[in-house]
Amino acid sequence: MSDKELSREDLREKLFYTFRNRGVIDSLKSQLRNRLVLELQQTANINIASGKKKTTDQTSLYYQAANSLVANHLENCNFEYTLSVFLPECGTSKDKLFSSHDICHLLKIEPGSPLYNSLVSTLMITNLFRMNIDK
């Protein structure tokens with residue numbers, strides 16, 4: 001083996017440190033933990049954080065809308081770890097969150113109203129800002 005070639009162990013160690021320094025390992029752990037908690041909650045219909053069965057209040061539309069707003073905010077701020085903890089704690093997942101349009105409809109915010117236009121422009125600015133950061 002030449003000086004420039006890495007042994008299997010050296011390669012493994014170098015990859016580990018590279019992934020750890022770039023946050024890949026923490027991200028994978030977070031995703032795995034999130035998925036595990038979601039699977040357990042769905043199987044038992046229990047909120048893991050409190051250890052209690054979901055109450056009807058927690059399944060109400062307004063409760064789900066509030067959770068969707070918080071999740072949207074966490075996602076827009078790139079708080080992936082916090083989001084991965086929040087979703088299982090409130091007993092939902094990304095695919096069950098309400099869209100901004102759904103929330104506006106639920107809260108009877110009419111399209112074209114000043115509040116609706118303000119919310120839409122804020123969301124567009126946030127999304128444009130996120131797109132520029134991700135580049």
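Basis for what follows: all heavy atoms, side chains included, without hydrogens, waters or symmetry-related copies.
Atom CG of L74 is separated from atom OG1 of T82 by 6.0 Å, given to the nearest 0.5 angstrom. Annotation: the span from L61 atom CG to I103 atom CD1 amounts to 11.0 Å, rounded to 0.5 Å. Note: H73 NE2 to L83 CG = 11.0 Å, rounded to the nearest 0.5 Å. From S84, atom OG reaches atom CD of Q31 across 8.0 Å, with rounding to the nearest 0.5 Å. Between atom CG of residue N67 and atom CD of residue E89 there is a gap of 10.5 Å, rounded to the nearest 0.5 Å.
With sequence neighbours excluded, no residue forms a side-chain hydrogen bond (donor to acceptor under 3.5 Å, both in side chains) with S68.
Y81 belongs to a hydrophobic cluster whose other members, connected by ILVMFWY side-chain contacts under 4.5 Å either directly or through intermediates, are V85.
Residues T92 and L97 have side chains in contact (heavy-atom distance under 4.5 Å, counting atoms from C-beta outward). With a 4.5 Å cut-off on side-chain heavy atoms, S93 and L87 do not count as touching. Contact annotation: the side chain of F98 approaches that of Q64 to within less than 4.5 Å [non-hydrogen atoms, C-beta and beyond].
Closest approach of Y116 to C104, counting heavy atoms only: CD1-SG, 3.9 Å.
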Donor-acceptor contacts, no H, no angles, side chain residues 11-26, under 3.5 Å, sequence neighbours left out:
{"residue": "R12", "atom": "NH1", "partner": "E9", "partner atom": "OE2", "Å": "2.9"}
{"residue": "T18", "atom": "OG1", "partner": "K14", "partner atom": "O", "Å": "2.8"}
{"residue": "N21", "atom": "ND2", "partner": "Y17", "partner atom": "O", "Å": "3.2"}

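For E80 and K94, the salt-bridge test passes: some basic side-chain N is under 4.0 Å from an acidic carboxylate O.
Placement of L32 and L28 in two distinct hydrophobic clusters is found when ILVMFWY residues are connected by side-chain heavy-atom separations under 4.5 Å, directly or transitively.
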